[in-house]
Amino acid sequence: MTTHHTPGPTGTPAVPGAPTDLFRPWDGAFVTDPYPAYAALRAAGRAHYFAPTDQWLIPHHDDVSALLRDRRLGRTYLHRFTHEEFGRQAPPPEHEPFTTLNGEGMLDLEEPAHARIRRLVSKAFTPRMVEDLAPTVQRLAGELIGSLYADGGGDLLARVAEPLPVAVIAEMLGVPPADRALLRPWSAAITGMFELNPSEETARAAVRASEEFSAYLRGLIAVRRREPGTDLISALIAAHDGGDVLSEQEMISTCVLLLNAGHEATVNTTVLGWLDLFHHPDQLRLLLDAPERLRDAIEEMLRHDTPLQMFERWVLDDIEIGGTVIPRGSEVALLFGSANRDPARFTDPDRFDVTRPAADNKHLSFGAGIHYCLGAPLARLELAASFGTLLRETPGMRLVEEPRWRPGYVIRGPEELLVSW
């Protein structure tokens with residue numbers, strides 16, 4: 001993902017009275033409920049310049065969907081331009097190895113490098129591998145939820161939402177159980193760089209985590225080269241397309257991406273989804289009475305309170321949106337949270353409705369185009385396992401108190417979710 005070092009909340013102000021006045025990603029009240037501000041942005045137009053991050057905010061579903069597929073935009077510009085040609089500064093050298101780790105992952109690459117790596121990773125990370133994980137996912141969900149229930153409740157975030165996807169990714173990668181506690185802190189430090197205008201302290205933490213995680217994976221890859229197993233790292237080593245294989249750095253970046261992208265959405269969707277159900281007891285009752293609605297409900301949770309609020313793209317060639325020309329060298333901020341509440345695409349979009357058919361629920365929470373989330377089937381499997389088990393085994397679960405929210409806006413969610421029976 002792109003990282004920002006443009007002025008922060010104390011930098012250049014937006015034009016007074018502009019619709020962007022309501023867009024306050026560093027403000028706790030906005031992070032808790034950004035949806036009224038999104039409605040104002042949609043009503044005011046299709047593209048809004050936001051000076052504090054030097055970005056164009058794109059709030060409408062159809063525009064976000066189209067731009068995710070538009071090859072005039074890119075996750076990077078380095079396949080076509082140097083930093084100087086594009087009018088941007090190179091990342092500072094002290095941000096290595098984070099810059100290389102992030103830049104070599106397929107999420108931040110464009111063609112032809114992206115297609116090459118995705119093709120090779122897809123040979124290892126197959127639908128069959130995800131399907132074969134189902135019993136493991138169900139077992140892990142059952143163990144975590146059983147422990148929480150036996151204790152009479154606790155923090156659903158720390159006890160179930162976080163450890164489940166991390167354990168699943170660790171199982172996939174073949175990370176020994178004794179080392180798994182390392183993964184979440186590494187991931188949290190690295191993904192801190194994906195927020196708007198991260199601090200230098202955040203950058204230093206991300207650099208340390210990148211060094212440690214990369215070294216750890218390098219050792220694991222060396223072991224798997226000598227002793228191949230049935231895990232994903234062994235499959236990544238073996239993957240080939242003609243004579244083409246993944247480099248060691250590409251494997252490391254892929255593994256880190258699978259952990260970071262592979263659990264952040266699941267963690268926040270679990271917590272935000274339960275918060276929605278607690279706030280809408282009629283919808284919770286519908287699910288308890290008809291568990292077969294769970295598939296529809298999960299898509300509605302992904303739509304109604306989007307776990308990843310914003311996704312960024314560089315403008316590689318001039319584009320025009322609603323009469324506004326956005327020049328090459330600009331950056332657009334695609335507002336997933338706003339797109340998923342757009343009344344032009346969804347009937348009664350602010351309503352949380354677990355009966356909204358999944359087939360019609362064209363949310364953008366997993367992206368679109370060539371960067372559509374490779375791990376979406378795994379995320380859905382994990383969500384179905386945890387929600388299904390909780391609904392079945394602990395139907396009396398209730399919210400103890402309204403949660404505090406983490407300050408991050410891009411990857412948005414509460415600090416905890418205390419529940420009991």
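Note that the structure is predicted; figures quoted are calculated from it, not measured.
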| message | Rounded to the nearest 0.5 Å, what separates atom CD in E94 from atom CD in E96? | response |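 Atom-to-atom, E94:CD and E96:CD are 10.0 Å apart.
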
| task | Would you give the length of the straight line joining atom CZ of R293 to atom CG of D296, rounded to the nearest 0.5 angstrom? | result |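 Separation between the atoms: 8.5 Å.
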
Please enumerate all residues that pass salt bridge (Lys or Arg N to Asp or Glu O under 4.0 Å) together with [X], with sequence neighbours excluded.
X: R159; answer: D151
X: D244; answer: R116
X: R392; answer: none
X: D241; answer: R119

Listed once per pair and sorted, the ring-ring contact (aromatic ring centres under 6.0 Å, His included) pairs that draw on [range], sequence neighbours left out:
range: residues 221-243; value: none
range: residues 354-378; value: H114-H371
range: residues 214-237; value: W186-Y216

| task | Report the relative orientation of the aromatic rings in F194 and F98; use parallel for angles under 30°, tilted for 30 to 60°, perpendicular for over 60°. | result |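 Geometry flag for F98 against F194: tilted rings.
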
Can you sort out the partners of [X] under ring pair (Phe, Tyr, Trp, His ring centres under 6.0 Å), two or more places apart, ordered by chain and number?
X: H263; value: none
X: H61; value: F346
X: Y77; value: H83, F86, W314
X: F336; value: F311

| message | Tell me if the CZ atom of R71 is crowded by more than 12 foreign heavy atoms within 6.0 Å. | response |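 Atom CZ in R71 is crowded, with more than 12 foreign heavy atoms closer than 6.0 Å.
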
| task | In sequence, state the C-alpha distance, the side-chain angles, and the governing distance for L391 and M397, and then conclude on side-chain contact (heavy atoms from CB on, under 4.5 Å). | result | CA-CA 8 Å; L391 289 164; M397 188 169 74; over 6 Å; no

N/O donor-acceptor pairs under 3.5 Å from side chains in residues 134-145, not counting sequence neighbours:
unit_1, atom_1, unit_2, atom_2, d
Q138, NE2, T389, OG1, 2.8
R139, NH1, E143, OE2, 3.2

| Looking at D305 and R412, does any basic side-chain N land under 4.0 Å from a carboxylate oxygen? |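 Counted as a salt bridge, because a side-chain N and a carboxylate O are separated by less than 4.0 Å.
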
